[in-house]
Amino acid sequence: MLPLPVLERAAIEMTNANGTGQSVMEMSHRSGDFKPIIDKTEALLREIMHIPANYRVLFLQGGASLQFSMIPLNLAAGAEPGKASRRALYVDTGVWAQKAIEEAAKYADVSVQASSKDKNYTYIPAPSAAAGDEAYYHITLNNTIVGTRWPELPPAKLLGKVPLAADASSCILSEPLDVSRFGILYAGAQKNLGPAGTTVVIIREDLIGKAPAWTPVLLRYDIHAGEGSMYNTPPCYGIYIIGLVLEWLKAQGGVAAMEQKNREKAALLYDYLETSRMFRSPVEKPSRSLMNIPFVPVETGPDKRKEIEIRFVKEAAASGLVNLAGHRLLGGMRASIYNAMPTEGVQALVAFMESFEKRN
Ligand SMILES: *Cc1c(COP(=O)(O)O)cnc(C)c1O
């Protein structure tokens, strides 16, 4: 979801943004009309996330998935293609972590430090210590598909000087984050920030400029940082909408207020799941996500379970509750309750689940 006031404002400004007589989609990205838009978006993100001055904010394309390639390329690849120069550490917490690991293995000497594969990724494993000379330590802060979340970051003493790299695609701005704990933090915009097509990268300055010479120009952090995200045409409209989302978020009270609301929303659903005799959460309590809440029928027979799932998703959609099918790789159901989902939306879901349970 995007906040309704953001969509309404975008609609009003569609043909005439900031009195320019143009849509943001029509502006030259190097014009005096667009510059204030990208500057405002970056300034708001810095303010809301308390991003320290020695970090750069980049607005890129390619989604979080391209960061799976860019991070190892820029920080661990060797002087010749196909030869890693440095070791990179990863924690395997499910599909997105695995994709990051697979991609990194092409450019870096990858070592998987911990995994929760033994229990279908239903918990966050305890991280083990870095040796100290590795290029980075990669985690997926919120695992969108299985619905787990790191309850706390790997302790600084486990990492030593090794920079923490984190995929924050599905939890950025959902609760406060201490940016200074990270070397690099990235998020595809489409979950909590704005429309698909923009990726936000927050990177510590000392990690910029390490890419080997053969790195494709568009995949180099130093090029994007040096050109203020305008080496080529940036995703202008997405950057504009992110700016509107950030204004909305600030008016709501910022990330601390978001966290409080998100905790209340998640508690509504988790509390119901605790008492339900029809549905349960497959995720271990300390690792439960605030943003993505999967649930499965308690029923154990696979045919009966599938039948309940199909009927639930269909009847929910008929009641105006959409996008509740679990990820295609996992099945079951999943409620994604990002920042813009109002409490009433979760209340409506719980009320529907209670009535579905009674009727069945
Ligand atoms: C959605 C998602 C991705 C993939 O993002 P794209 O922008 O589609 O590449 C990666 N990681 C996490 C945690 C996600 O939720």
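What you see below is based on every heavy atom in this structure, not just the backbone, and it leaves out hydrogens, waters and symmetry mates.
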Undergrad: Treating Ile, Leu, Val, Met, Phe, Trp and Tyr as nodes and any side-chain heavy-atom pair under 4.5 angstrom as an edge, say whether M25 and V6 lie in one connected cluster.
TA: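 M25 and V6: one cluster.
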Undergrad: Applying side-chain hydrogen bond (donor to acceptor under 3.5 Å, both in side chains) to E357 and S276, what does each step give before you reach the verdict?
TA: CA-CA 8 Å; E357 183 170 344; S276 172; 2.8 Å; yes
Undergrad: Do L246 and T41 come within less than 4.5 Å of each other through their side chains, counting heavy atoms only?
TA: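 Yes; the side chains approach each other to less than 4.5 Å.
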Undergrad: Measure from the ring center of Y90 to the ring center of H138 and say whether it is less than 6.0 Å.
TA: yes
Undergrad: Distance-only, no hydrogens or angles: does the R305 side chain make a donor-acceptor pair with backbone N or O of P297 under 3.5 Å?
TA: no
Undergrad: Does CZ in R328 sit with more than 12 non-hydrogen atoms of other residues, nucleotides or ligands closer than 6.0 Å?
TA: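 Atom CZ in R328 is not crowded, with 12 or fewer foreign heavy atoms closer than 6.0 Å.
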Undergrad: Report yes if the side chains of I202 and V200 come closer than 4.5 Å at any heavy-atom pair, otherwise no.
TA: yes
Undergrad: Okay, side chain of R181, backbone of P154: is any donor-acceptor separation there less than 3.5 Å?
TA: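 Present.
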Undergrad: Dump the intermediate steps for side chain to side chain contact (heavy atoms under 4.5 Å, CB included) on Y231 and L60, then the final yes or no.
TA: CA-CA 10 Å; Y231 171 77; L60 308 181; over 6 Å; no
Undergrad: Apply the hydrophobic cluster definition, ILVMFWY joined by side-chain contacts under 4.5 Å directly or through others, and give me every member besides F356.
TA: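 Via sub-4.5 Å side-chain contacts, F356 links to M1, L268, L269, Y270, Y272, L273, M278, F279, I293, F295, I308, F312, V313, L321, L324, M333, I337, M341, V346, L349, V350, F352, M353.
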Undergrad: Which heavy atom of G194 sits nearest to which heavy atom of I241, and what is that distance?
TA: CA-CG2, 4.4 Å
Undergrad: For a 4.5 angstrom cut-off between non-hydrogen side-chain atoms, does V91 reach S115?
TA: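 Not touching, per the 4.5 Å side-chain cut-off.
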Undergrad: Rounded to the nearest 0.5 Å, what separates atom CG in D178 from atom CG in L153?
TA: 7.5 Å
Undergrad: Between P127 and P155, what is the shortest heavy-atom contact and its length?
TA: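 Looks like CG-CD, 4.4 Å.
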Undergrad: Crowded around N323 CG? As in, over 12 foreign heavy atoms under 6.0 Å?
TA: no
Undergrad: If you link ILVMFWY side chains whenever their heavy atoms are less than 4.5 Å apart, which other residues fall into the same cluster as V322? By chain and number, please.
TA: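 Via sub-4.5 Å side-chain contacts, V322 links to none.
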Undergrad: Locate the shortest heavy-atom distance separating P195 from A189; write the atom from each residue and the value.
TA: O-CB, 3.5 Å
Undergrad: So, taking the atom named CD in E315 and the one named OG in S355, what distance separates them when rounded to the nearest 0.5 Å?
TA: 8.0 Å
Undergrad: Side chains of D92 and Y121: donor-acceptor distance under 3.5 Å anywhere?
TA: yes
Undergrad: Is any side-chain N of the basic residue among R280 and E274 closer than 4.0 Å to the acidic one's carboxylate O?
TA: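 Answer for the salt bridge query: no.
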Undergrad: What's the separation between atom CG in L45 and atom NE2 in H50, rounded to the nearest 0.5 Å?
TA: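 Spacing of CG (L45) from NE2 (H50) equals 11.5 Å.
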Undergrad: Where the side chain of D303 meets the backbone of E307, is there a donor-acceptor pair that is under 3.5 Å apart?
TA: no
Undergrad: Taking side chain as C-beta onward, heavy atoms only, is S116 less than 4.5 Å from T122?
TA: no
Undergrad: Should N339 and K191 count as side-chain neighbours, where that means a heavy-atom distance under 4.5 Å?
TA: no
Undergrad: Kindly indicate whether the side chain of R149, heavy atoms from C-beta on, has any atom under 4.5 Å from the side chain of L290.
TA: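 Answer yes - side chains close enough.
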Undergrad: For residues A76 and A108, report the shortest heavy-atom separation together with the two atoms involved.
TA: CB-CB, 3.5 Å
Undergrad: Under a 3.5 Å cutoff, is there a donor and acceptor pairing between the side chains of R311 and N360?
TA: yes
Undergrad: Would W150 and W96 show up in the same hydrophobic cluster when neighbours are defined by side-chain heavy atoms closer than 4.5 Å?
TA: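 No; tracing contacts between hydrophobic side chains, which count when under 4.5 Å, never links both residues.
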Undergrad: For R277, is the CZ atom crowded, meaning more than 12 foreign heavy atoms sit under 6.0 Å from it?
TA: no
Undergrad: Are I184 and V110 in one and the same hydrophobic cluster, where Ile, Leu, Val, Met, Phe, Trp and Tyr link if side-chain heavy atoms are under 4.5 Å apart?
TA: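 Yes, because I184 and V110 connect within a single hydrophobic cluster, where side-chain heavy atoms sit under 4.5 Å apart.
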Undergrad: Do E134 side-chain atoms and A88 backbone N/O form a donor-acceptor pair below 3.5 Å?
TA: no
Undergrad: Any chance the side chains of S169 and D167 put a donor and an acceptor closer than 3.5 Å?
TA: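 Distance-only check passes for S169 and D167.
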Undergrad: Counting distance only, does the side-chain N/O of R30 pair as donor-acceptor with the main-chain N or O of M230 below 3.5 Å?
TA: yes
Undergrad: Look at E354 together with K358 and state whether they make a salt bridge at an N to O cut-off of under 4.0 Å.
TA: no
Undergrad: For I239 and T198, work out which heavy atoms get closest and say how close.
TA: N-OG1, 4.0 Å
Undergrad: Run the numbers on D109 and R86 for side chain to side chain contact (heavy atoms under 4.5 Å, CB included), then give the verdict.
TA: CA-CA 6 Å; D109 174 11; R86 300 189 65 193; over 6 Å; no
Undergrad: Are a donor atom and an acceptor atom from the side chains of S289 and N142 found within less than 3.5 Å of each other?
TA: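 Yes - a donor-acceptor pair under 3.5 Å links their side chains.
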Undergrad: For the side chain of H224 and the backbone of L218, is there at least one donor-acceptor N/O pair under 3.5 Å apart?
TA: yes
Undergrad: Enter the distance from I12:CD1 to E8:CD here, rounded to the nearest 0.5 Å.
TA: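 It is 7.0 Å, given to the nearest 0.5 Å.
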Undergrad: When hydrophobic residues are tied together by side-chain contacts of less than 4.5 Å, even through go-betweens, does I145 share a cluster with V283?
TA: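 In one cluster with I145: V283, no.
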Undergrad: Does K83 make a cation-pi contact with W214 (under 6.0 Å, within 45 degrees of the axis)?
TA: no
Undergrad: Please assess K99 against E102 for the test salt bridge (Lys or Arg N to Asp or Glu O under 4.0 Å), listing each intermediate value before the final yes or no.
TA: CA-CA 5 Å; K99 291 201 165 166; E102 268 169 40; over 6 Å; no
Undergrad: With the 4.5 Å side-chain cut-off for hydrophobic clustering, are I71 and V162 part of the same group?
TA: no
Undergrad: Spell out, as yes or no, whether a donor-acceptor pair under 3.5 Å connects the side chain of K265 to the backbone of Y338.
TA: yes
Undergrad: Under 4.0 Å between a Lys/Arg side-chain N and an Asp/Glu carboxylate O for E264 and K261?
TA: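 Result for this pair is no, no salt bridge flagged.
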Undergrad: Between A130 and L89, what is the shortest heavy-atom contact and its length?
TA: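 Between these two residues, the closest heavy atoms are CB-CD1, 3.6 Å.
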Undergrad: Spell out, as yes or no, whether a donor-acceptor pair under 3.5 Å connects the side chain of Y55 to the backbone of V179.
TA: yes
Undergrad: Looking only at side-chain N and O atoms, does S170 offer a donor or acceptor that is under 3.5 Å from a partner on T144?
TA: yes
Undergrad: Report yes or no: do N18 and Y240 form a side-chain donor-acceptor pair below 3.5 Å?
TA: no
Undergrad: Heavy atoms, side chains only, cut-off 4.5 Å: are I124 and N143 in contact?
TA: yes
Undergrad: Please round to the nearest 0.5 Å and tell me the distance separating atom CD of Q61 and atom CG of N232.
TA: 6.5 Å
Undergrad: Roughly how far, to the nearest 0.5 Å, is the SG atom of C171 from the CG atom of N192?
TA: 8.0 Å
Undergrad: Report yes or no: does D33 contribute a side-chain atom to a donor-acceptor pair with the main-chain N or O of M27 at less than 3.5 Å?
TA: no
Undergrad: Any side-chain heavy-atom pair from K117 and T93 closer than 4.5 angstrom?
TA: no
Undergrad: For the pair S23 (side chain) and M14 (backbone), establish whether a donor and an acceptor sit closer than 3.5 Å, ignoring hydrogens and angles.
TA: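 At least one qualifying donor-acceptor pair exists.
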